[in-house]
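None of the values given here were measured: they were computed from a predicted structure. Heads up: numbering here begins at 1 and tracks the sequence. As the structure lists them, so they are numbered: ligands from 1, and atoms in each ligand from 1.
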Amino acid sequence: MTTQASPDRRIQLLFPVALASLLILGTARIILDSLKNNRSQFLWQESEKHRVVRLPINISGDEIIPEGCNIFEGQWVWDNVSFPLYTEESCSYLVKQVTCQRNGRPDSNYKNWRWQPNACKLPRFNALKLLEILRGKRLMFVGDSIQRGMFDSMVCLVQSVIPEGKKSLQRIPPRKIFTAEEYDASIEYYWAPFIVESNSDHATNHTVKRRQVNLDSISKHGREWEGVDILVFESYVWWMYKPLINATYGSAQSVQEFNVTTAYRLALETWANWIETSVNPRNQKLFFMTMSPTHLWSWEWEPGSDGNCFNESHPIERPYWGTGSNLDILRIVREVLKQVKIDVTLLNITQLSEFRKDAHTSIYGERKGKLLTKEQRSDPQTYADCIHWCLPGVPDTWNQILYAHLIQDYRIL
Ligand SMILES: *[C@@H]1O[C@H](CO)[C@@H](O)[C@H](O)[C@H]1NC(C)=O
Ligand SMILES: *[C@@H]1O[C@H](CO)[C@@H](O)[C@H](O)[C@H]1NC(C)=O
Ligand SMILES: *[C@@H]1O[C@H](CO)[C@@H](O)[C@H](O)[C@H]1NC(C)=O
Ligand SMILES: *[C@@H]1O[C@H](CO)[C@@H](O)[C@H](O)[C@H]1NC(C)=O
Ligand SMILES: *[C@@H]1O[C@H](CO)[C@@H](O)[C@H](O)[C@H]1NC(C)=O
Ligand SMILES: *[C@@H]1O[C@H](CO)[C@@H](O)[C@H](O)[C@H]1NC(C)=O
Ligand SMILES: *[C@@H]1O[C@H](CO)[C@@H](O)[C@H](O)[C@H]1NC(C)=O
Ligand SMILES: *[C@@H]1O[C@H](CO)[C@@H](O)[C@H](O)[C@H]1NC(C)=O
């Protein structure tokens, strides 16, 4: 029993488990590279054109989130009538990494839980309304593979209402771009595991062990984010390899070891400066998602046990916070967002996801771009992925929350 793992040990442990799946982009085919320039030009022009005309949407009374309702406080309730919002079969865009059922997961209850805030109801996800909001716009998720899961989820949530031939998915590393042609809309993913620049930025060939972060460099990424109408940022697990991280700050030549919390704060400040100089709050919206929790040590929710998320089939139903979700990092996020002069909405999903020890890909995902072998599956202690999530699953709820924010923002007043 490892009840007394030291904080340092935890930080070290977090990453190796993540490693395997973080590398998954390595298998993504690099296709359509020649379209890169044409495509981005096209998107730019389109969003310029439409920016002037904002198309508000009509939402009904029960879709309005009353002031005073904290949608992040609540509980998971069993709802096998409305959930899941789509199936593995109905969304051909899902990658093997997340299709847990197809990969052999025997239980499926993890798909049937609905997040119920204490003081109000979350609006039901309506793909047509979201597409109306996204008309002529770009929605971009920026971050690591957790964000890629959220992107995949969003694509699945909207794609079913778009006819064949009017939708497409392109991989143009470091981006993935889903296009809804009739709406001139795109939902995109941008690989930037530290948000700021680093030597792990190559989408398919990133160094993992000898990572080095450039805490004050963001302009290369920033150029790709400029003008994007709705940006959703996230970055956490890549920082959590060791208590110290190699980084540059001030001088690009001088690499130093930084305390991870110090480094994270400097990186977020760099990002905040970028926002203040490059974002136009009148027609761009920003979100920052708090860390996605991990469930690497079952003794945390079941004292005396010595496993991980493997074989967990039920959410935690009492107050719970795992040690993998670093409170210093959360405090830094809150402080930096408070100081930044442009409105950034916090998607405070950590606590609600903490309850979902049952919803990770576990042994029903991929490692280094391949499904686990039989031998690996028989050793969940080593091979279970308790960081990433099955789809349909928890990231759908994050998107439902993002959607709830967006319909409030774009509604007819
Ligand atoms: C990209 O645009 C150039 C010139 O604008 C054109 O020659 C080329 O064929 C285009 N490539 C694709 C893949 O559409
Ligand atoms: C909004 O919807 C309500 C009820 O569905 C309808 O009565 C109203 O006319 C609509 N308003 C606009 C501006 O479309
Ligand atoms: C996030 O929500 C939780 C409740 O779910 C709350 O306790 C916490 O203070 C919130 N964090 C921030 C940064 O707002
Ligand atoms: C939904 O859940 C209820 C209660 O657990 C169960 O009785 C019912 O058979 C389930 N329905 C489906 C379609 O799975
Ligand atoms: C990946 O990157 C490393 C270091 O930059 C380089 O040596 C190697 O050739 C690259 N591999 C591929 C397949 O591009
Ligand atoms: C930083 O880089 C040096 C030189 O490559 C290496 O010896 C050291 O272990 C690295 N530190 C961390 C925290 O990774
Ligand atoms: C890193 O900084 C935090 C906050 O200042 C501190 O609590 C922690 O002990 C430091 N860790 C190391 C390894 O120096
Ligand atoms: C999974 O958990 C159940 C009890 O919930 C137990 O009966 C079963 O043996 C476990 N399976 C494995 C492979 O550990």
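- Of all non-hydrogen atoms in Gly365 and Asn103, the two that sit nearest each other are CA-ND2, 4.2 Å.
- In this structure, His314 has its ring center no closer than 6.0 Å to that of Trp76.
- Here is the list of ligand 3 atoms found below 4.0 Å of a heavy atom in Arg334: 9 (O), 11 (N), 12 (C), 13 (C).
- Close contacts of ligand 3 with Leu346, meaning ligand atoms under 4.0 Å from a residue heavy atom, involve 12 (C), 13 (C), 14 (O).
- Every residue was checked against the ring pair (Phe, Tyr, Trp, His ring centres under 6.0 Å) condition with Phe355, not counting sequence neighbours, and none meets it.
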Would you mind writing out a table of all protein N or O atoms found under 3.5 Å from any N or O atom of ligand 4, naming both atoms and giving the distance to 0.1 Å?
residue: ligand 4; atom: 2 (O); partner: Trp78; partner atom: NE1; Å: 3.1
residue: ligand 4; atom: 2 (O); partner: Asn80; partner atom: ND2; Å: 2.3
residue: ligand 4; atom: 11 (N); partner: Asn80; partner atom: ND2; Å: 2.9
residue: ligand 4; atom: 14 (O); partner: Asn80; partner atom: ND2; Å: 3.3

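- In the vicinity of Gln351, heavy-atom distances shorter than 4.0 Å reach the ligand 3 atoms 5 (O).
- Side chains of Glu63 and Tyr403 form a contact here, defined as non-hydrogen atoms less than 4.5 Å apart.
- At under 3.5 Å, not a single nitrogen or oxygen of Glu73, backbone or side chain, sits near a nitrogen or oxygen of ligand 3.
- Counting only residues at least two apart or on different chains, the salt bridge (Lys or Arg N to Asp or Glu O under 4.0 Å) pairs with a member in residues 100-114 are Asp79-Arg114, Arg105-Asp107.
- For Trp239 and Phe194, the gap between ring centers is short of 6.0 Å.
- Aromatic rings of Trp225 and Phe233 (six-membered ring for Trp) have centroids within the 6.0 Å cut-off, being under it.
- For Tyr93, the ring pair (Phe, Tyr, Trp, His ring centres under 6.0 Å) partners two or more places apart in sequence, or in a different chain, are Phe178.
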